[in-house]
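Counting starts at 1 for both ligands and their atoms, in listed order. Sequential numbering from 1 along the given sequence is applied to the chain's residues.
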Amino acid sequence: MNLILMGPPGAGKGTQARRIAERYEIPQLSTGDMLRAAVKAGTDVGRQAKAAMESGGLVTDEIVVGIIADRIGEADCARGFILDGFPRTVAQAEALDAMLAARRLKIDHVIDITADTEALVSRITGRSTCSQCGEGYHATHKKPAAAGLCDKCGGTLTTRADDNEETVRNRLAVYHQQTAPVIDHYRNGGQFRTVDGMQQMDTVFAQLCEILG
Ligand code: AP5
Ligand code: MG
């Protein structure tokens, strides 16, 4: 099963992609996570991506299309994959169509998770993530049992460099200008669905599973 999870920053793409990955045993391909890893490792891609990510702008189509083209060719994607945060421009969606056609693959589901702007800002500015296992937390919606430590593995919780309010508002503006039009690329295909991301995380997950079957 090949799935695209869409939605604005903070909608819950990462939260739900991790759960879907566990339930359906297919990998989560988050371009944001891959780019952050590249920035941390100081690779060429990381050096090119850093400034755009810190300002809340988009990294070039060329870089992210290259990353995804390499990643979907890896062995663990043979049974399917979850795209989280890609495609984010119409050009990326067109590049994805071409790379899937070349591999005789297709997208089975495109799910857009929606949420209110002010909720998104509060979700993102309250977010922390485990530096070891990647589990996500929130200062009010999902508090760790011990402050600053992951419930699952005991790892240290960190916050993202782009999770301050000013950058979040820029990320939201960029989403409306450049990513929202991608919805039209998929809307008329039979595989497009919307899920209300303002519901409890468990309810959102249950609705996603109902769609995925
Ligand atoms: P990326 O990492 O993709 O960030 P994003 O799209 O801004 O989305 P987020 O990761 O912030 O939100 P999410 O939807 O995953 O929400 P989450 O589940 O964490 O991209 C970062 C940057 O990388 C971009 O700005 C760009 O520079 C670059 N980039 C990445 N991909 C690119 C591409 N394709 N092209 C160009 N550039 C690219 O949830 C958020 C919080 O809310 C958490 O604390 C969570 O616990 C909480 N939460 C989740 N669901 C709920 C719920 N139902 N109720 C209450 N709280 C909830
Ligand atoms: Mg995410």
Checklist line | For Gly57, the ligand 1 atoms whose distance to one of its heavy atoms is below 4.0 Å | finding: 25 (O), 26 (C), 27 (O)

Next item on the list: Any chance you could lay out the salt bridge (charged side-chain N to carboxylate O under 4.0 Å, His left out) test for Glu118 and Arg169, step after step, and finish with the verdict?
Entry: CA-CA 10 Å; Glu118 287 315 308; Arg169 295 213 181 264; 3.2 Å; yes

Margin query: Please list, in number order, the atoms of ligand 1 under 4.0 Å from a heavy atom of Gly14.
Written below: 13 (P), 15 (O), 18 (O)

Note to self: Could you tell me, atom by atom, which parts of ligand 1 come under 4.0 Å of a heavy atom of Gly32?
What the structure shows: 1 (P), 2 (O), 20 (O), 30 (C), 31 (N)

Check: Under 3.5 Å between some N or O of ligand 1 and some N or O of Val59?
Finding: yes

Check: Any idea which part of Leu58 is under 4.0 Å from ligand 1, heavy-atom wise: side chain, backbone, both or neither?
Finding: both

Next item on the list: With heavy atoms under 4.0 Å as the rule, classify the contact between Thr15 and ligand 1 as side chain, backbone, both or neither.
Entry: both

Check: For His185 and Glu94, which heavy atoms make the closest approach, and how far apart are they?
Finding: CE1-CG, 4.0 Å

Next item on the list: Determine the minimum heavy-atom distance between Tyr137 and Asp151, stating which atoms define it.
Entry: OH-N, 2.8 Å

Checklist line | For Met201, atoms of ligand 1 separated by under 4.0 Å from a heavy atom | finding: 46 (O), 48 (N), 50 (N), 51 (C), 52 (C), 53 (N), 56 (N), 57 (C)

Notebook entry, point to check: When Leu212 is tested against each of Met1, Arg193, Gln207 for side-chain contact (heavy atoms from CB on, under 4.5 Å), which residue passes?
Noted result: Met1

Next item on the list: State if Gln199 counts as touching ligand 1 under the rule of any non-hydrogen atom under 4.0 Å.
Entry: yes

Margin query: So, applying side-chain hydrogen bond (donor to acceptor under 3.5 Å, both in side chains) with Arg127, which one of Thr159, Asp163, Thr15 is it?
Written below: Asp163

Notebook entry, point to check: Considering only heavy atoms of Gly197, which atoms of ligand 1 have at least one such atom less than 4.0 Å away?
Noted result: 53 (N)

Next item on the list: Flag yes if more than 12 heavy atoms outside Glu62 fall under 6.0 Å of its CD atom; otherwise flag no.
Entry: no

Check: Looking only at heavy atoms, is any part of Tyr175 under 4.0 Å from ligand 1, and if so is it the side chain, the backbone, or both, or is it neither?
Finding: neither

Checklist line | Heteroatom distance test (Thr31, ligand 1): nitrogen or oxygen, under 3.5 angstrom | finding: yes

Margin query: Out of all atoms in ligand 1, which are within 4.0 Å of some heavy atom of Arg36? Include the element for each.
Written below: 2 (O), 21 (C)

Item checked: Pair Asp116-Met198, side-chain contact (heavy atoms from CB on, under 4.5 Å): steps then yes or no -> CA-CA 7 Å; Asp116 301 345; Met198 292 301 290; 3.6 Å; yes

Check: Among the heavy atoms of Met198, does any lie under 4.0 Å from an atom of ligand 1?
Finding: no

Note to self: So that I can tick it off, tell me whether Glu135 and Lys142 are bridged by a salt bridge, with the cut-off set at under 4.0 angstrom between side-chain N and carboxylate O.
What the structure shows: yes

Notebook entry, point to check: Does Ala11 have a non-hydrogen atom less than 4.0 Å from ligand 1?
Noted result: yes

Next item on the list: Please determine, by modelled atom types, if Asp61 and Thr89 share a side-chain donor-acceptor pair under 3.5 angstrom.
Entry: yes

Check: For ligand 1, which atoms have a heavy atom of Leu35 less than 4.0 angstrom away?
Finding: 28 (C), 29 (N), 30 (C), 38 (C)

Check: Is there any N or O on Lys142 that sits under 3.5 Å from an N or O of ligand 1?
Finding: no

Check: Does Val204, backbone or side chain, put an N or O under 3.5 Å from an N or O of ligand 1?
Finding: no

Checklist line | Basic-acidic side-chain contact under 4.0 Å: Lys13, Asp112 | finding: no

Item checked: Short N-O contact, Glu74 and Arg71, less than 4.0 angstrom -> yes

Item checked: ligand 1 versus Arg171: contacting region, heavy-atom distance under 4.0 Å -> side chain

Item checked: Side chain, backbone, both or neither: the part of Arg123 lying under 4.0 Å from ligand 1 by heavy atom -> both

Note to self: Would Ile124 count as being in polar contact with ligand 1, using the rule that some N or O on each side must be under 3.5 angstrom apart?
What the structure shows: no

Check: Just one of Ile63, Asp70, Val65 clears the side-chain contact (heavy atoms from CB on, under 4.5 Å) bar with Ile67, so which one?
Finding: Ile63

Next item on the list: Run the numbers for me: atoms of ligand 1, each under 4.0 Å from some heavy atom of Gln92, listed by number.
Entry: 33 (C), 34 (N), 35 (N), 36 (C)

